[in-house]
Peer 1: 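My questions will all concern the structure given below.
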Amino acid sequence: MALSSSVEEKIIIRKAEDGDCEEIVRLIEELAEFEKMKDQVKITADILRKDCFGERPLCSCIVASKETDRSSLVGYCLYYPVYSTWEGASLYLEDVYVTPSHRLRGIGRLLWQNVAQAGLDMGCSRLNLAVLGWNKNAKDWYERLGCVDLTDKEDWHLMRLDRKGMESSVHKDKELI
Amino acid sequence: MNNTASDSHKKEEIIIRRAKPKDSPQIFQLLLDLAVFLKSGKDVVLTPEEFHDDLFCEPPKCQCVVATTAQESDTIIGYSLFYPVYSAWKGFSLYMEDLFVKPEHRRKGVGKLLWQKVTQIGLDMGCKGLRLTVENWNKTAKDMYTHHGCVDLTEALDEHPMYLNKAGMEKLVQEV
């Protein structure tokens with residue numbers, strides 16, 4: 001799919017290939033920088049390559065690249081199957097990002113459409129994601145697409161335990177419940 | 001993937017093991033009980049047959065561990081449902097979708113044992129972290145997760161879970 005952005009440059013949306021991993025990690029770090037959490041990025045191109053393009057891929061990736069230079073990426077999205085015990089198979093959109101210089105050209109919407117189509121083709125009942133509440137542009141955009149904010153609506157909270165916490169947790173003896 | 005491991009805790013007489021196909025009707029009933037507790041009973045559209053197929057197809061769409069007593073090893077008193085997810089920053093992780101213990105079996109450590117089993121499975125799989133979602137008013141659950149070291153990302157970072165339903169997905173892909 002080609003998206004004409006200017007006479008000089010066309011952008012295409014395509015499935016990521018293992019040669020894209022360095023560029024994808026560059027964009028992951030760019031997004032993390034924007035979210036003020038770049039120090040939390042531990043993934044490398046090699047890890048991403050093994051996880052996304054190995055024998056048992058853990059996630060899928062669609063990228064936006066320049067048509068004349070496919071190795072140059074201007075956007076990406078990462079997604080994978082999840083499960084809802086209320087609705088069954090669902091899809092999780094882990095990241096969607098377009099580099100600032102290429103925004104306002106419909107690239108983000110095309111990435112979303114490709115992920116939504118992938119989800120429908122897989123028989124998914126919903127598309128889940130997370131957004132930082134202060135990222136008003138993104139939140140407003142998602143809500144215009146029809147997304148529901150579960151924190152605002154039902155006070156759902158996301159929680160996380162890192163690996164060190166997991167290791168500590170399995171050895172906890174004190175009973176709480 | 002479907003290896004069965006059991007941990008017998010003689011003091012409490014609780015067994016935690018991988019779910020078996022014959023467990024799925026009972027697990028599905030507990031799933032409904034959890035949805036009612038979370039005030040979302042009417043939102044469950046999954047059928048028992050779909051749930052069974054999703055749990056035991058190859059590869060399974062989700063994984064499940066159950067709790068029974070040693071005396072009645074076929075009666076499910078609690079369950080936890082989980083599946084692999086991926087963090088773009090950390091890599092391979094685990095998501096705990098559900099954790100539920102029947103009310104009459106609470107305060108015996110069953111929830112903690114289910115939690116620890118899922119966590120151990122995650123560690124064995126090489127997970128970099130464990131994620132979940134909790135309703136903020138569910139203080140008992142939230143306290144347990146916090147006690148085990150979980151960070152509330154919504155409080156700490158203002159991270160909000162969102163979703164787009166199937167109708168929204170269909171509308172989006174039809175837009176030019």
Side-chain angles (χ1 to χ4, degrees), chain A residues 28 32 40-43 47 51 58-59 78 80-89 92 94-95 112-113 116-117 119-120 125-134 139 142 145-152 154-163 165-170 172 175-177, chain B residues 31 35 40 43-46 50 54 61-62 81 83-86 88-92 95 97-98 106-107 109 111-112 116 119-120 122-123 128-137 144-145 147-154 157-166 168-173:
Chain A
I28 287 173
Q40 297 207 22
V41 178
K42 308 296 178 199
I43 205 164
I47 291 171
D51 289 344
L58 299 171
C59 68
L78 277 174
Y80 45 82
V82 291
Y83 196 75
S84 158
T85 42
W86 299 343
E87 297 185 34
Y92 192 88
E94 171 73 11
D95 277 358
W112 262 84
Q113 285 177 323
Q117 188 64 63
L120 291 169
S125 305
R126 56 202 266 170
L127 183 61
N128 298 331
L129 63 144
V131 71
L132 292 171
W134 57 258
K139 195 165 172 311
Y142 300 153
L145 287 179
C147 293
V148 173
D149 184 321
L150 285 167
T151 301
D152 286 351
E154 295 176 21
D155 205 15
W156 282 86
H157 283 220
L158 287 166
M159 300 193 87
R160 182 184 69 208
L161 182 64
D162 61 19
R163 187 170 173 96
M166 290 169 75
E167 288 165 350
S168 172
S169 178
V170 295
K172 254 188 179 359
E175 292 182 5
L176 194 68
I177 291 178
Chain B
L31 176 168
S40 300
D43 295 334
V44 179
V45 297
L46 193 65
E50 288 167 339
D54 290 343
K61 292 185 182 165
C62 58
L81 215 130
Y83 44 81
V85 291
Y86 198 76
W89 296 353
K90 307 271 198 291
F92 182 42
Y95 188 88
E97 172 75 11
D98 282 356
R106 290 180 190 163
R107 307 216 66 83
K112 182 199 74 166
Q116 288 180 324
T119 303
Q120 187 63 59
L123 288 169
K128 301 295 188 287
L130 182 64
R131 284 155 47 176
L132 60 129
T133 315
V134 68
E135 293 212 25
N136 200 36
W137 55 259
M144 187 183 89
Y145 303 141
H147 171 75
H148 282 281
C150 291
V151 172
D152 184 328
L153 296 176
T154 303
L157 303 173
D158 198 20
E159 196 166 336
H160 291 212
M162 299 187 87
Y163 78 94
L164 180 65
N165 64 16
K166 189 167 176 183
M169 292 165 73
E170 288 167 342
K171 180 169 180 281
L172 175 61
V173 300

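Basis for what follows: all heavy atoms, side chains included, without hydrogens, waters or symmetry-related copies. So you know, we letter chains A, B, ... as the sequences are listed, proteins then strands, and number each from 1. Computed from a prediction, not measured in an experiment: that's the story for all the values here.
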Peer 1: Report which part of B:Pro84 has an atom under 4.5 Å of a heavy atom belonging to chain A: side chain, backbone, both, or neither.
Peer 2: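 The backbone, not the side chain.
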Peer 1: According to the interplanar angle, ranging from 0 to 90°, do the rings of A:Tyr92 and A:Tyr80 count as parallel (below 30°), tilted (30 to 60°) or perpendicular (above 60°)?
Peer 2: parallel
Peer 1: Tell me whether B:Asp158 is salt-bridged to A:Lys139, with the criterion being a basic N under 4.0 Å from an acidic carboxylate O.
Peer 2: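 Judged by the 4.0 Å cut-off on N to carboxylate O distance, B:Asp158 and A:Lys139 do not form a salt bridge.
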Peer 1: What part of B:Asp98 gets closer than 4.5 Å to chain A, counting heavy atoms only: side chain, backbone, both or neither?
Peer 2: side chain
Peer 1: Give the intermediate values and the outcome of side chain to side chain contact (heavy atoms under 4.5 Å, CB included) for residues B:Met162 and A:Thr151.
Peer 2: CA-CA 8 Å; B:Met162 299 187 87; A:Thr151 301; over 6 Å; no
Peer 1: With a 4.5 Å cut-off on side-chain heavy atoms, are A:Trp86 and B:Val44 touching?
Peer 2: yes
Peer 1: Shorter than 4.5 Å, heavy atoms on both sides: which option in B:Asp54, B:Leu81, B:Asn165 has the most such pairs with chain A?
Peer 2: B:Asp54
Peer 1: Atom CG in B:Asn136, atom CE in A:Met159: separation rounded to 0.5 Å?
Peer 2: 9.0 Å
Peer 1: I need the residue from B:Lys171, B:Met169, B:Lys166 with the largest number of non-hydrogen atom pairs under 4.5 Å to chain A.
Peer 2: B:Met169
Peer 1: What part of A:Thr85 gets within 4.5 angstrom of chain B, counting heavy atoms only: side chain, backbone, both, or neither?
Peer 2: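 Answer is both: backbone and side chain atoms of A:Thr85 are under 4.5 Å from chain B.
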Peer 1: What option among B:Lys128, B:Lys61, B:Glu97 has the most heavy-atom pairs under 4.5 Å with chain A?
Peer 2: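 Ranked by heavy-atom pairs under 4.5 Å with chain A, first place is B:Glu97.
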Peer 1: Just say parallel, tilted or perpendicular for the rings of B:Tyr95 and B:Tyr83, cut-offs at 30° and 60°.
Peer 2: parallel
Peer 1: Please test A:Leu78 against A:Ile28 for side chain to side chain contact (heavy atoms under 4.5 Å, CB included), starting from the C-alpha separation and ending with a verdict.
Peer 2: CA-CA 10 Å; A:Leu78 277 174; A:Ile28 287 173; 4.2 Å; yes
Peer 1: Does the side chain of A:Arg163 come within less than 4.5 Å of B:Leu123's, by heavy atoms?
Peer 2: yes
Peer 1: Which one of B:Asp43, B:Thr154, B:Leu157 has the most heavy-atom pairs closer than 4.5 Å to chain A?
Peer 2: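 The candidate making the most pairs under 4.5 Å is B:Thr154.
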Peer 1: Highest number of heavy-atom pairs under 4.5 Å with chain B: which of A:Ala116, A:Gly146, A:Ser169?
Peer 2: A:Ser169
Peer 1: Considering only heavy atoms and a distance below 4.5 Å, find which of A:Asn128, A:Asp162, A:Asp149 pairs most often with chain B.
Peer 2: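 Option with the top pair count is A:Asp149.
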Peer 1: Compare every heavy atom of A:Cys147 with every heavy atom of A:Trp112, then report the nearest pair and how far apart it is.
Peer 2: CH2-SG, 3.8 Å
Peer 1: For the atom pair NZ (A:Lys42) and CD1 (A:Ile47), what is the distance rounded to the nearest 0.5 Å?
Peer 2: 11.0 Å
Peer 1: Do you know which of A:Gly119, A:Ala89, A:Gly133 has the most heavy-atom pairs with chain B at a distance under 4.5 angstrom?
Peer 2: A:Gly133
Peer 1: Chain B heavy atoms under 4.5 Å from A:Glu94: which part of the residue, side chain, backbone, both or neither?
Peer 2: side chain
Peer 1: With chain B as the partner, which of A:Ser125, A:Ala32, A:Ser84 has the greatest number of non-hydrogen pairs under 4.5 Å?
Peer 2: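 If we count pairs closer than 4.5 Å to chain B, A:Ser125 comes out on top.
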Peer 1: Mind checking whether B:Tyr145 and B:Leu130 have side chains closer than 4.5 Å, heavy atoms only?
Peer 2: no
Peer 1: Identify which part of A:Asp95 has an atom lying under 4.5 Å from any heavy atom of chain B, answering side chain, backbone, both or neither.
Peer 2: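 When you check distances to chain B, only side chain atoms of A:Asp95 fall under 4.5 Å.
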Peer 1: Could you look at A:Leu129 and say if it's the side chain, the backbone, both or neither that has a heavy atom under 4.5 Å from chain B?
Peer 2: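 Contact with chain B involves both backbone and side-chain atoms of A:Leu129.
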Peer 1: Counting only heavy atoms closer than 4.5 Å, note whether B:Leu132 contacts chain A via side chain, backbone, both or neither.
Peer 2: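 Both backbone and side chain of B:Leu132 come within 4.5 Å of chain A.
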Peer 1: Which region of B:Glu159, side chain (C-beta onward) or backbone (N, CA, C, O), has a non-hydrogen atom less than 4.5 Å from a non-hydrogen atom of chain A, or is it both or neither?
Peer 2: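 Backbone plus side chain of B:Glu159, per the 4.5 Å heavy-atom cut-off to chain A.
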Peer 1: Specify which of A:Asp51, A:Leu127, A:Val41 makes the most heavy-atom pairs with chain B at under 4.5 Å.
Peer 2: A:Leu127
